Visitor: 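I'd like to ask you about the structure that follows.
Given the structure is predicted, the values throughout are model-derived calculations rather than measurements.
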Amino acid sequence: MNKSHYIVVCFLCALIPLFSDKCYKKTFETLDRKACDIYQRVLPSTKHNKNVVMINVDDASVEKIGNWPFSRDVYAKMLENLKDEEIHSLIFDLSFLDKSPAKVDENYVTNILPSYIQSYLDNAVALIGDVVSKDPKKAQSQFEEILEQAKNNILISTSYVIRPLDGIFSDSIKKNGNAFLNFTMTEGAGGVPVDFSTEYVSLKKVTAIKDDKTPEYPSITPSLSMFVNNAVGSGFVNADPDRDGYIRRVHLVAKYNGEYYGQLVFVPILRYYGNPSVVVTNNKIVLKDAKFPDGSVKDITIPRDKDGSVILKFSKEKYVKYNSISLWNIYRLSLLEEQMNDMLYQMEDAGLFSLLSDLSPIETMSAMKYIREELSNGEDASNGITYSSYLEILANILNR
C-alpha cells in the first residue's frame with residue numbers, strides 16, 4: 001500500500017465518528033424496522049375477534065346525519081341504542097375537549113310542542129266553560145287559577161325546545177355504563193388539576209419495580225370533566241410513528257406527576273380481566289391474578305421493548321374485512337322510533353285505537369320507554385322494573 005492509500009484510509013477513519021453521530025443511528029434504525037416488518041410477514045397472521053366491532057364514522061354517516069363533526073346528541077342516541085346490547089366496553093377514539101352549544105330540537109318544535117300547547121289551551125277553555133256554567137260568581141277567581149296552570153304547563157313544555165347537548169351526552173355515558181373516553185399526554189403546561197386526573201383517570205393498582213423506561217409527561221388533556229366523571233375509565237391515545245410514518249410499537253403505560261396512566265385499549269383490557277394489579281418493570285408488564293372468562297386465574301406477562309414500548313402485531317387482512325358497522329345504522333334506529341311515535345299519535349287522533357280492549361300502542365310504547373329509562377339505575381323488581389318485563393313489552397310490540 002503506498003502513501004496515498006494510507007492517506008485515504010486515515011481520512012475515512014477520521015470520518016467514522018461523524019458518520020456514526022449523524023448516519024449510523026438512522027441507518028440501523030431503518031434496517032431494524034425492515035427486519036421487523038419481514039419477521040411480522042413470516043409469522044402467522046392474527047385472527048379477528050368476532051366480539052370486537054368498530055363503529056365507523058363513514059361516508060354514509062356523514063351523508064345521512066349531516067356535516068362533520070356531529071353534534072353530541074348523535075353519540076347520546078348511539079349509546080342509548082347500544083344499551084340493550086351485551087357490550088362489555090364501548091371505546092371512544094374521539095376527543096370531547098370543548099363545550100358544545102345547545103341545540104333547538106326541530107322535531108319537538110314542529111311535531112310535538114304544538115299539540116301540547118293546543119291541549120293545554122283546549123283544557124283551559126273547557127275548565128272555564130265548566131266554571132261559568134256551574135257558578136258564574138266564582139268564575140273570576142277560578143279563571144286566574146286555570147290560566148296560571150295553563151301558562152305554567154306551556155312554559156314547562158317550551159323549556160324542552162333547547163336541548164343542552166353536553167348534559168344529554170353526559171347522562172347517556174352514565175346510563176350506558178360501559179363507555180371509555182380518551183385523553184392525550186401533553187408536553188406543554190396546562191391540562192387538568194392533579195387531584196382530578198389522579199382520581200378519575202389514573203390507574204389505581206400499579207406497582208413499579210426499577211422502572212425507568214416508562215415515558216413521563218408534564219400534563220394531560222382529557223375530555224370534559226362532566227363526561228370523564230360518568231365514564232368507566234379513560235386511556236391515552238399517544239402513539240408516535242417511526243420515521244417512515246408507520247406505527248410498530250405503542251406504550252401501554254405512561255406517567256404524569258408520579259402516577260401511572262393506561263393506553264386507551266389497555267384500560268378496557270384490564271377491566272375485562274377483572275382489574276388485576278399491574279406490575280411494571282423495564283422488561284415487562286405483568287397483570288397479576290387476571291380473571292379469565294372461564295373462571296381461571298393466572299398472571300399475564302407482556303414483554304416490553306428496550307424503550308419500554310410493546311411491539312404491535314397487525315393482521316395481514318385488509319381493514320375492509322374487519323368487523324365493523326356504520327354509525328348511521330345505529331343512529332337511524334332513534335329516527336325510526338321517532339317516526340313510529342309520530343305515526344302512532346296520528347293514528348290515535350284518527351280514532352284507530354278506540355276499539356282496543358287492552359293498552360293502546362302509545363301506552364305500550366310509553367311503558368317500554370319508562371322501564372328502559374328506569375333500568376339505567378338498576379333493576380327494581382318490586383316496581384316491575386326488570387329487563388325481563390322490558391323485553392316482554394318489546395316482544396309484544398314487535399308481534400302486533
Visitor: Which atom names give the shortest non-hydrogen contact between Val228 and Leu181, and what distance separates them?
Guide: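 For Val228 and Leu181, the tightest heavy-atom pair comes out as N-CD1, 3.9 Å.
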
Visitor: Just checking Asp59: does its CG atom have more than 12 heavy atoms from other residues, nucleotides or ligands closer to it than 6.0 angstrom?
Guide: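 No, the 6.0 Å shell around CG holds no more than 12 heavy atoms from other groups.
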
Visitor: In Å and rounded to the nearest 0.5 Å, what is the CZ to CG distance from Phe227 to Leu97?
Guide: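 Reported value, rounded in 0.5 Å steps: 10.0 Å.
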
Visitor: Look at the aromatic rings of Phe196 and Tyr200 and report parallel, tilted or perpendicular, splitting at 30° and 60°.
Guide: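 Rings of Phe196 and Tyr200: tilted, as their planes differ by 30° to 60°.
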
Visitor: Would you name the heavy atoms of Gly308 and Lys213 that are closest together and state the gap between them?
Guide: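 Heavy atoms of Gly308 and Lys213 come nearest at CA-CB, 3.8 Å.
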
Visitor: More than 12 heavy atoms of other residues, nucleotides or ligands under 6.0 Å from NZ of Lys255: is that the case?
Guide: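 Count over threshold, so yes.
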
Visitor: Please check if Tyr272 and Ile285 belong to a single hydrophobic cluster, counting links between Ile, Leu, Val, Met, Phe, Trp and Tyr side chain heavy atoms closer than 4.5 Å.
Guide: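 Shared cluster, yes.
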
Visitor: Report the relative orientation of the aromatic rings in Phe183 and Tyr261; use parallel for angles under 30°, tilted for 30 to 60°, perpendicular for over 60°.
Guide: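 Plane angle over 60°, so perpendicular.
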
Visitor: Roughly how far, to the nearest 0.5 Å, is the NE2 atom of His88 from the CD1 atom of Ile269?
Guide: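 Reported value, rounded in 0.5 Å steps: 11.0 Å.
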
Visitor: Does the side chain of Asp58 pick up a donor-acceptor pair with the side chain of Ser61 at under 3.5 Å?
Guide: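 Checked: Asp58/Ser61 side chains pair up, N/O donor to acceptor below 3.5 Å.
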
Visitor: Decide yes or no for Asn230 and Lys175: does some side-chain heavy atom of the first lie under 4.5 Å from some side-chain heavy atom of the second?
Guide: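 Heavy-atom side-chain distance check fails, nothing below 4.5 Å.
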
Visitor: Any donor-acceptor pair under 3.5 Å linking the side chain of Ser170 with the backbone of Gly167?
Guide: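 Flag not set: sc Ser170 to bb Gly167 has no pair under 3.5 Å.
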
Visitor: Looking at Asp244, is its backbone amide N or carbonyl O close enough to the side chain of Asp242 to form a donor-acceptor pair, meaning the two atoms are under 3.5 Å apart?
Guide: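 No; judged by distance alone, with no hydrogens or angles, the pair does not exist.
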
Visitor: Under a single-linkage definition using a 4.5 Å side-chain heavy-atom cutoff for Ile, Leu, Val, Met, Phe, Trp and Tyr, are Val53 and Val57 assigned to the same hydrophobic cluster?
Guide: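 Val53 and Val57: one cluster.
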
Visitor: Does the pair Asp166/Lys99 count as a salt bridge with the N-to-O cut at 4.0 Å?
Guide: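 Answer for the salt bridge query: no.
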
Visitor: Parallel, tilted or perpendicular: which describes the rings of Phe96 and Phe92, with under 30° parallel and over 60° perpendicular?
Guide: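 Taking Phe92 first and then Phe96, their aromatic rings stand perpendicular (interplane angle over 60°).
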
Visitor: Using a 6.0 Å cut-off, check whether atom NZ of Lys204 has over 12 heavy atoms from anything other than its own residue.
Guide: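 Buried by this count: over 12 neighbours within 6.0 Å.
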
Visitor: What's the separation between atom CZ in Arg332 and atom CD1 in Ile65, rounded to the nearest 0.5 Å?
Guide: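 Reported to 0.5 Å precision, the distance equals 11.0 Å.
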
Visitor: How about Val62 and Phe70: do any of their side-chain heavy atoms sit closer than 4.5 Å?
Guide: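 Sidechains of Phe70 and Val62: in contact.
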
Visitor: Just how far is it from atom CG of Asn329 to atom CD1 of Ile55, taken to the nearest 0.5 Å?
Guide: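 These two atoms lie 10.5 Å from each other.
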
Visitor: Does the side chain of Tyr331 reach to within under 4.5 Å of the side chain of Lys64, using non-hydrogen atoms?
Guide: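 Not touching, per the 4.5 Å side-chain cut-off.
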
Visitor: Should Arg248 and Leu312 count as side-chain neighbours, where that means a heavy-atom distance under 4.5 Å?
Guide: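 No, side chains not in contact.
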
Visitor: Is the closest side-chain heavy-atom distance between Ile168 and Arg72 below 4.5 Å?
Guide: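 When only atoms from C-beta onward are counted, Arg72 and Ile168 do not touch, as no gap falls below 4.5 Å.
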
Visitor: Determine whether a donor-acceptor pair (N or O, by modelled atom type, separation under 3.5 Å) exists between the side chain of Asn229 and the backbone of Ser225.
Guide: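 Side chain of Asn229 to backbone of Ser225: a pair is present.
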
Visitor: Indicate, with yes or no, if Leu264 and Val52 share a hydrophobic cluster defined by side-chain heavy-atom contacts under 4.5 Å among Ile, Leu, Val, Met, Phe, Trp and Tyr.
Guide: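 Cluster IDs for Val52 and Leu264 differ.
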
Visitor: State yes or no: do Ile325 and Tyr75 share one hydrophobic cluster built from I, L, V, M, F, W and Y residues joined by side-chain heavy-atom distances below 4.5 Å, directly or via other members?
Guide: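 Same hydrophobic cluster.
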
Visitor: Between Arg304 and Thr214, do the side chains contain an N or O donor and an N or O acceptor separated by less than 3.5 Å?
Guide: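 There is such a pair (donor and acceptor under 3.5 Å, judged by atom type) between the side chains of Arg304 and Thr214.
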
Visitor: Please give me the minimum heavy-atom distance between Leu287 and Pro276, naming the atom from each residue.
Guide: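 Leu287 and Pro276 have their closest heavy atoms at CB-CG, 3.9 Å.
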
Visitor: Could you state the interatomic distance from NE2 (His251) to CG (Asp305), rounded to the nearest 0.5 Å?
Guide: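 Here the interatomic distance stands at 9.0 Å.
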
Visitor: Within the 4.5 Å heavy-atom criterion, are Ile247 and Pro241 side-chain neighbours or not?
Guide: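 A side-chain contact under 4.5 Å exists here.
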
Visitor: In this structure, are over 12 heavy atoms from other groups packed under 6.0 Å from Asp212 atom CG?
Guide: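 Yes, CG of Asp212 has more than 12 neighbouring heavy atoms, counting only those of other groups under 6.0 Å.
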
Visitor: Please tell me if the side chains of Val310 and Phe266 come closer than 4.5 Å, counting only heavy atoms from C-beta onward.
Guide: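 No, side chains not in contact.
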
Visitor: Calculate, to the nearest 0.5 Å, the distance between atoms CD1 and CE belonging to Ile173 and Met226 respectively.
Guide: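 Nearest 0.5 Å value for the CD1-CE distance: 8.5 Å.
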
Visitor: For a quick test of reading the model, state the closest non-hydrogen atom pair linking Ser234 to Val267 and the distance between them.
Guide: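 In this case the closest contact between Ser234 and Val267 is O-CG2, 3.5 Å.
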
Visitor: Is a donor on one side and an acceptor on the other found under 3.5 Å between the side chain of Thr186 and the backbone of Ser219?
Guide: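 The answer is yes, because a donor-acceptor pair under 3.5 Å joins these two groups.
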
Visitor: Honestly curious: do Val265 and Phe180 fall in one hydrophobic cluster under the side-chain, below-4.5 Å linking rule?
Guide: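 Cluster IDs for Val265 and Phe180 match.
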
Visitor: Regarding Ser296 and Asp294, is there a side-chain donor-to-acceptor distance under 3.5 Å anywhere?
Guide: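 Present: a donor and an acceptor within the cut-off.
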
Visitor: Is the backbone N or O of Val280 less than 3.5 Å from a side-chain atom of Asp211, with the two atoms forming a donor-acceptor pair by type?
Guide: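 Between the backbone of Val280 and the side chain of Asp211 there is no qualifying donor-acceptor contact (under 3.5 Å).
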
Visitor: Are more than 12 heavy atoms, taken from residues, nucleotides or ligands other than Lys288, located less than 6.0 Å from that residue's NZ atom?
Guide: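 No, NZ of Lys288 has 12 or fewer neighbouring heavy atoms, counting only those of other groups under 6.0 Å.
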
Visitor: Do you know the tightest heavy-atom contact between Leu224 and Asp98?
Guide: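 Where Leu224 meets Asp98 most closely, the heavy atoms are CD1-O, 3.6 Å.
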
Visitor: Would you mind telling me which of Thr207, Ile302, Asp299 makes a side chain to side chain contact (heavy atoms under 4.5 Å, CB included) with Val286?
Guide: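 Considering Thr207, Ile302, Asp299, a side chain to side chain contact (heavy atoms under 4.5 Å, CB included) with Val286 is found only for Asp299.
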
Visitor: Looking only at side chains, do Asn182 and Ser95 share a donor and an acceptor under 3.5 Å apart?
Guide: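 Yes, because at least one side-chain N or O of Asn182 sits under 3.5 Å from a partner of the opposite role on Ser95.
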
Visitor: Provide the closest heavy-atom pair for Ala254 versus Tyr217 in the form atom of the first, atom of the second, distance.
Guide: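 So the minimum-distance heavy-atom pair works out to CB-CE1, 4.1 Å.
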
Visitor: Do the side chains of Glu259 and Ser197 get nearer than 4.5 Å, heavy atoms only?
Guide: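 Answer no - side chains too far apart.
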
